[in-house]
There are 2 protein chains.
Amino acid sequence: MQRSTRQQDAIIHALQKAARPMSPPEILADAARDVPAINLTTVYRTIKRLLEAERISPVALPGEAPRYELQSVAAHHHHHFRCDRCSTVYDVEGCPAGIGGLVPRGFRLRSHDLVLYGTCKECSRN
Amino acid sequence: MQRSTRQQDAIIHALQKAARPMSPPEILADAARDVPAINLTTVYRTIKRLLEAERISPVALPGEAPRYELQSVAAHHHHHFRCDRCSTVYDVEGCPAGIGGLVPRGFRLRSHDLVLYGTCKECSRN
DNA sequence: CTAGTTGCAAAGCATTTGCCTGTGG
DNA sequence: CCACAGGCAAATGCTTTGCAACTAG
């Protein structure tokens, strides 16, 4: 991450606009509106560089390809909602209570991931 | 799932012995002790058939390849605790309260996945 | 200039499919 | 018997890598 290029800017911009975790193909589609010639390979390589520079974080959902979000978003503890219909992943604020109570005796809890599934606002309308 | 074959029996037996979610390569390694000639393709195809017959269930953890466990284990709603040190995945009973309260207005909740991370009893000792 | 970046094509990997042989019932 | 199951090789889909051309600083 040493130079600033149009492709990199377009990728970062896509993540800023979306404000939700995006997959490489999603990033490509959005960035292509700024830089039509951009390539999927470039998206993957740029993601890798941004991860090393800790400017983005991976968002892994069970059974799905990794998505990515800006470090500024990832820094705040939050969870995710995945729409069954459109597969879009939304950020969700807050935590349920009583997670500590689930931990078996003798185990030590460090962190947790919660993923909600259902239909999003858009898809619920149709 | 119409016939009983040595390969299928070996695969089911491997899952019974392990009593924890296994990946296809893990299943292959174990089943190969009963049926040395068994092939990875057969493992994948048998998994597919067992899934359709609802005799096993997929266990997907964020960022990890899918694993499978017997339906008898998967039947009741539970979550998972993954040890940071030994990577073992434990079943956890119960659910935290107030999950519904996290859902944004207009969204409809269908289900959820919770994964706890930390150190298990064994690893906490050392 | 010149080293970091990009684009294209090819390589890797895990998983799936095609096709033909083997076998359970 | 013969349709389902298995084995091998090839195909697939997503991600990474090799390499020559491009470009930011």
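Bear in mind the structure is a predicted one, so any value in this text is a computation, not a measurement. Below, chains carry the letters A, B, ... as their sequence lines are ordered, and counting in each starts from 1. What's counted below: heavy atoms across the whole structure, side chains too, no hydrogens, waters or symmetry copies.
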Short heteroatom pairs, N/O only, protein and nucleotides 12-14 of chain D, under 3.5 Å:
none

What distance separates A:His80 NE2 from A:Glu69 CD, expressed to the nearest 0.5 Å? 4.5 Å
Can you tell me how far the CD1 atom of B:Ile27 sits from the OG1 atom of B:Thr46, to the nearest 0.5 Å? 9.5 Å
Atom [atom1] of [X] and atom [atom2] of [N]: how far apart are they, to the nearest Å?
{"X": "B:Arg49", "N": "C:dT16", "atom1": "CZ", "atom2": "P", "result": "13 Å"}
{"X": "A:Met1", "N": "C:dT5", "atom1": "CE", "atom2": "P", "result": "6 Å"}
{"X": "B:Glu52", "N": "C:dT16", "atom1": "CD", "atom2": "C1'", "result": "13 Å"}
{"X": "B:Tyr68", "N": "C:dA14", "atom1": "OH", "atom2": "P", "result": "14 Å"}
{"X": "B:Gln7", "N": "D:dC8", "atom1": "CD", "atom2": "C1'", "result": "14 Å"}
{"X": "A:Gln8", "N": "C:dT5", "atom1": "CD", "atom2": "C1'", "result": "8 Å"}
{"X": "B:Leu40", "N": "D:dA9", "atom1": "CG", "atom2": "C1'", "result": "14 Å"}

Between A:Ala10 and A:Val35, which heavy-atom pair has the shortest distance, and what is it? CB-CG2, 3.9 Å
Residue pair A:Cys123 / A:Arg85: nearest heavy atoms and the distance that separates them: O-NH1, 3.1 Å
Does a side-chain N or O from A:Asn39 land closer than 4.0 Å to OP1 or OP2 of C:dT6, or not? no
If the sugar-phosphate is the primed atoms plus P, OP1 and OP2 and the base is the rest, what is the B/S/- string for nucleotides 20-25 of chain C, using protein heavy atoms under 4.0 Å? --BBBS
Identify, with sequence neighbours excluded, every residue that meets ring-ring contact (aromatic ring centres under 6.0 Å, His included) alongside B:His79. B:His77, B:His112
Report the residues that fulfil ring-ring contact (aromatic ring centres under 6.0 Å, His included) with A:His76, sequence neighbours left out, ordered by chain and then residue number.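 For A:His76, no residue satisfies ring-ring contact (aromatic ring centres under 6.0 Å, His included) once neighbours in sequence are set aside.
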Applying salt bridge (Lys or Arg N to Asp or Glu O under 4.0 Å), name anything that partners B:Asp84, two or more places apart in sequence or on another chain.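 Checked B:Asp84 against salt bridge (Lys or Arg N to Asp or Glu O under 4.0 Å); matches are A:Arg110.
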Restricting to salt bridge (Lys or Arg N to Asp or Glu O under 4.0 Å), what partner residues turn up for B:Arg125, sequence neighbours left out?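 If we apply the salt bridge (Lys or Arg N to Asp or Glu O under 4.0 Å) test to B:Arg125, skipping adjacent residues, the hits are B:Glu122.
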Listed once per pair and sorted, the salt bridge (Lys or Arg N to Asp or Glu O under 4.0 Å) pairs that draw on residues 4-30 of chain B, sequence neighbours left out: B:Lys17-B:Asp30, B:Arg20-B:Glu26, B:Glu26-B:Arg67, B:Asp30-B:Arg33
Pairs meeting criterion ring pair (Phe, Tyr, Trp, His ring centres under 6.0 Å) with involvement of residues 85-104 of chain B, two or more places apart: A:Phe107-B:Tyr90
Tell me which residues in residues 23-38 of chain B put a heavy atom below 4.0 Å from DNA chain D, sorted by number, or none.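 Here the set is B:Ala37, B:Ile38.
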Determine whether A:Leu116 and A:Arg82 make a side-chain contact, defined as any pair of heavy atoms from C-beta on separated by less than 4.5 Å. no
Could you list the donor-acceptor pairs under 3.5 angstrom formed between side-chain atoms of residues 48-60 of chain A and any protein atom two or more places apart in sequence or on another chain?
{"residue": "A:Ser57", "atom": "OG", "partner": "A:Gln71", "partner atom": "OE1", "Å": "2.6"}

Polar atom pairs between nucleotides 17-20 of chain D and protein, under 3.5 Å, N or O only, would you list them?
{"residue": "D:dG18", "atom": "O6", "partner": "A:Arg45", "partner atom": "NH1", "Å": "3.3"}

Test of understanding: with side chain to side chain donor-acceptor pair (under 3.5 Å), list the residues that count as partners of A:Thr41, not counting sequence neighbours.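 Testing A:Thr41 for side chain to side chain donor-acceptor pair (under 3.5 Å), a comparison that skips the adjacent residues, returns A:Asn39.
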